Amino acid sequence: MTNPVIVLRDVTKTYPSAAGPFSALADVSLSIGQGEFVVVVGQSGSGKSTLLGLLAGIDRPTTGQIEVGGTRVDLLSERAMSAWRGRAVGIVFQFFQLLPTLTAAENVMLPMDFAGALVPRERRTRALDLLNRFGVADQADKLPVTMSGGQQQRVAVARALANAPALLLADEPTGNLDSKTSGAMLELLASLARDGQTIVMVTHDANAQRLATRAVHLADGRVVTPTNGARA
Amino acid sequence: MAPVLSPRWRKVVRDVWLHKARTLLVVAAIAVGIIGAGAVLDAWSLLRLVTRGEYDASLPASATLRTDSIDTALLARVRAVPAIANAQGRRNVMASARTSDGVRTALLMAADDFAENRIGKIKPERGEWPPADGSVIVESSSVDFAGAVVGDSLTIQVGDAQPQRLRIAGVARDVGLAPGWMEHVVYVFVSRGTLRQLGAPASLNELQILVKDRALNRDAVRRVAADARAVVVGTGRSVVDVVVPEPGRHIHAAQINSLLLTQGAFGMLSLFLSGVLVVNLIAAMLAGQVREIGIMKAVGARADQVAGMYLVLATILGVVASVIAVPLAAVFGRMYAQFTADILNFSITGFAIPWWAIALQCVVGVVLPVVAAAIPVARGSRISVGEAFRDLGIGSRVVGGGPSFQLAGLSRPTLLSLRNAFRRRQRMVLTLLTLATGGAVYLGAINLRAGIVGSVDLMFESQRFDMSLRFAQPQLPDSIEAVVRRTSGVARAEAWTGTRGIVRRADGSLSDAFPITAPPASSEMLVARITRGRALRAGDERVLVVNRRLVEEEPTLTVGSSATILIAGKPTEWTIVGLAETGTSNAAYAPRATIAAMVGNGRVSTAVVADALTGPAAHFDLLQRLRSDLAGAGMPIQSGQLMAQQRSVVEDHLLMVGGFLGNMSLLMIIVGGLGLASTMSLSVLERTREIGVLRAIGAPHRAILTMVQVEGLVIALLSWLVAIPASLPMTYVLGKAFGRVMLEVPVSFVPEPAGVVRWLAVVVAVSVAACAWPAIRAMRVPTATALAYE
């Protein structure tokens with residue numbers, strides 16, 4: 001493994017519930033290197049989304065340490081976390097989560113706007129470059145509601161890469177797409193990884209595991225050894 | 001080229017546009033608050049400007065002394081007093097004016113030199129000035145009351161002299177007079193030559209002085225007036241009366257100040273309620289944006305950046321609301337100022353609302369929504385990405401199931417509406433309280449109005465007669481009573497007299513003059529409500545009953561105390577035997593025989609008559625017959641007045657305040673209605689999916705509409721209930737505020753039943769109107785869209 005971009009040490013995440021504390025992740029330790037395309041797989045409730053949330057700084061571990069690109073994410077304040085997330089992490093969601101009142105280009109420009117990246121007049125140029133790279137330049141000035149699911153997801157990927165983050169996180173990015181579109185989406189992510197982009201993707205999609213460099217299996221909040229032929 | 005706005009600000013602008021109805025509601029909420037408070041501020045600032053400018057410029061008399069004939073030599077002597085800037089002589093004569101609506105009381109005002117206009121300057125408005133012999137100039141506030149038209153004529157009669165038709169040569173305004181339309185008096189400026197022509201005495205008997213130092217307080221002016229009095233007395237004349245008004249204060253200033261202060265307080269309250277409504281709306285707006293806030297944070301937005309966006313949004317809404325509200329507030333404020341100026345006998349023509357009042361409204365308009373939004377924005381922008389994505393929809397985290405109503409006889413949709421009303425309790429309580437506050441003020445104003453009418457009843461209860469007649473010359477009481485009782489329709493009659501008194505205080509200073517009414521011993525027609533001590537009785541000599549207002553001005557006049565009173569300029573000793581509650585102006589009561597002996601050689605000046613007739617026409621007819629019969633018996637009448645007319649003068653003054661409070665409560669009910677509309681809009685939005693389910697299982701349009709309307713009605717009816725007890729402290733506060741400047745109002749702590757029913761009708765109408773649009777929206781949502789709503 002090249003220098004690890006992500007290091008998790010003994011990470012536990014517990015949620016309170018009416019029936020007592022519920023452990024979503026338990027003592028997870030993991031390292032992911034630069035340019036790896038890692039898929040996180042497991043059944044519903046296994047802790048996949050919790051792991052992704054912790055990596056994105058959306059949630060905080062109950063115990064343990066999380067280091068992304070040399071930054072101890074678990075120690076950041078909420079304000080610093082937002083700023084860090086804007087610069088260092090790009091997130092692609094299952095339901096795209098584009099802002100409905102902004103056009104595709106504006107959605108891509110938004111992270112640059114918040115992070116103060118580039119001078120304002122260069123932001124649209126970069127947004128158009130990214131949209132062009134993912135084949136949706138013709139949708140640049142359209143609102144999300146007028147686009148297909150595949151187009152929206154490509155715009156979402158472009159937005160995730162707007163600030164050239166060290167880490168791209170994807171939460172079931174093909175879960176809301178048809179098989180043809182989802183195949184294209186996986187190819188796109190794989191090509192990004194080949195270009196050196198570190199990607200961690202939560203998925204149920206078996207095809208994704210074939211394109212990934214590694215699969216992390218979770219069961220009941222713990223990393224487990226796969227019992228079939230998936231690469232671990 | 002770089003885009004004009006960055007994406008986040010475009011989002012702000014598009015959110016405003018996308019949610020037009022909600023945006024309009026917020027703008028309307030802010031605008032209503034600004035219109036309410038702004039109109040009062042505009043009116044107040046304009047009136048302040050006008051009254052200061054016009055009233056001070058009119059050089060109102062610092063003091064008025066009533067004495068014998070005033071001539072040029074006396075005026076010169078008074079002007080020579082070092083502290084006196086100027087002096088002028090005037091005479092006022094009571095008369096009758098025949099108008100198209102009947103005979104009116106007229107006050108003829110003459111001066112030594114109107115052209116000089118030295119004190120209490122009169123401002124010519126139309127036609128000629130000064131009044132020439134044989135013509136009259138009508139005071140502006142009496143023009144409509146007299147039906148006067150410049151160029152026409154006015155028939156005036158003084159006492160039993162021959163009526164004279166005099167040409168109306170012009171119209172002029174005297175800002176120092178209470179308006180003629182309100183006092184039910186036709187004010188007329190005439191020359192001394194015209195007074196002679198009318199058969200009235202033309203010598204001047206009122207000496208007005210103007211002090212050099214206009215900053216002197218009332219006591220200091222009284223000392224200057226005492227110097228002037230000494231000069232007059234030094235010439236051998238007697239001074240029967242000295243009146244020193246509060247320097248710089250218009251005759252109705254207290255009422256207007258009270259009115260404006262009360263209005264201002266309610267303006268602030270409406271602004272506060274608007275703020276509450278904006279808090280509610282912004283909180284709901286943010287609740288609807290939770291997922292978008294989560295997305296923005298996921299792509300790197302910091303809490304302060306998110307907060308900045310929504311605060312700028314609030315600022316934009318404030319700017320839009322101000323652009324709409326400030327001009328409207330100026331229009332309403334100007335109308336209100338004009339109305340109030342009419343009461344004060346001023347004109348606001350030519351005066352502009354001061355710039356600072358406009359600027360203040362703009363600042364408040366912009367700052368109010370930002371301040372109101374601050375807490376919900378701070379809370380909303382701090383939400384973590386995780387929380388935002390776990391949120392299942394607008395405010396679903398805090399939606400409770402509501403109480404499980406199980407009322408027999410209610411349909412299932414009605415039960416659902418009842419439960420829905422209680423699902424968002426915090427929002428429901430806020431809406432309910434906003435509406436209930438408007439209701440409490442509405443009911444409070446109605447209670448106060450009833451209290452005012454009750455207090456006027458009490459005031460006139462003591463005066464048990466239907467009309468009073470003032471004689472041109474003092475007459476013997478027995479002669480008067482004999483003639484009056486012979487006139488058909490008269491049930492009872494008494495001859496009264498009166499004078500004016502001045503208290504000489506222990507330190508030698510003098511009080512303002514006050515009227516002393518002198519009925520016969522054991523009068524059946526003056527039955528004052530005695531609150532301490534006793535009433536006048538047979539055998540009394542030098543005893544006085546004083547009213548509460550006089551004691552407020554002269555606190556030494558306690559029951560049992562002795563007082564030195566100047567009557568016709570001579571000191572006389574009196575014992576105070578009773579304290580009475582008899583109205584808004586200071587007054588005292590003494591035995592007729594005592595006063596008649598002092599000022600009329602046993603003769604009296606007034607007859608009061610109770611009749612057995614009904615209807616104003618019958619009363620008026622009797623008044624005319626009495627005039628005729630008394631004149632025929634050699635006792636000409638100077639003026640006659642019906643009590644109903646006097647009562648309406650008093651009521652007009654007092655009910656004006658109650659009427660304005662009613663108007664203010666309507667403004668607050670509008671704010672409450674907007675609150676209900678916003679709550680119901682959000683309720684429909686939150687339950688879009690639920691509505692879809694209801695539609696999917698066969699609920700017709702009517703059922704959806706009824707469900708929304710019933711939910712709104714539940715809140716409205718609860719606010720109706722809350723407003724009833726809340727109106728009682730409101731009534732108490734209003735009654736106290738009213739009592740401080742007008743008169744103590746016997747407010748009832750049982751809400752007026754008619755008012756409660758009216759408030760029910762108002763609140764139901766407001767609810768139906770406020771829920772109409774949300775109900776229509778609920779009906780229009782396609783089932784498929786509703787079911788897909790997240």
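Letters A, B, ... are given to chains in the order of the sequence lines, protein chains preceding strands, and every chain is numbered from 1. Model, not experiment: these values are computed from the prediction.
Other residues, nucleotides and ligands contribute at most 12 non-hydrogen atoms within 6.0 Å of the CD1 atom of B:Ile375. Within a 6.0 Å sphere centred on CG of B:Asp304, other residues, nucleotides and ligands contribute more than 12 heavy atoms. Annotation for A:Arg72: atom CZ counts as buried by contact number, over 12 foreign heavy atoms lying within 6.0 Å. For A:Gln43, the CD atom sits in a loose shell: 12 or fewer heavy atoms of surrounding residues, nucleotides or ligands are nearer than 6.0 Å.
In this structure, the portions of A:Thr103 lying under 4.5 Å from any heavy atom of chain B include both its backbone and its side chain. Contacts of A:Arg159 with chain B are made by side-chain atoms alone, with heavy-atom separations under 4.5 Å and no backbone atom involved.
A pairwise comparison of heavy atoms in A:Phe114 and B:Met296 identifies CZ-SD, 3.7 Å as the closest pair. Here the closest heavy-atom approach between residue B:Ala298 and residue A:Ile91 is recorded as O-CD1, 3.7 Å.
Rounding to the nearest 0.5 Å places CD of B:Gln305 at 7.5 Å from CG of A:Asp113. Between A:Thr101 atom OG1 and B:Trp17 atom CH2 the span is 14.5 Å, to the nearest 0.5 Å.
Side chain of A:Ser82 to main chain of B:Ala301: a donor-acceptor pair is present (N/O by atom type, distance under 3.5 Å, no hydrogens or angles). Between the side chain of B:Arg302 and the backbone N or O of A:Ala83 there is no donor-acceptor pair closer than 3.5 Å.
Using a 4.5 Å heavy-atom threshold, the side chains of B:Val299 and A:Gln97 count as separate. Between B:Glu292 and A:Pro100, some side-chain heavy-atom pair lies under the 4.5 Å cut-off. Side-chain contact check for B:Ile295 versus A:Leu99: some heavy-atom pair is nearer than 4.5 Å.
Classification of A:Glu106 and B:Arg8 as a salt-bridged pair fails, no side-chain N sitting under 4.0 Å from a carboxylate O.
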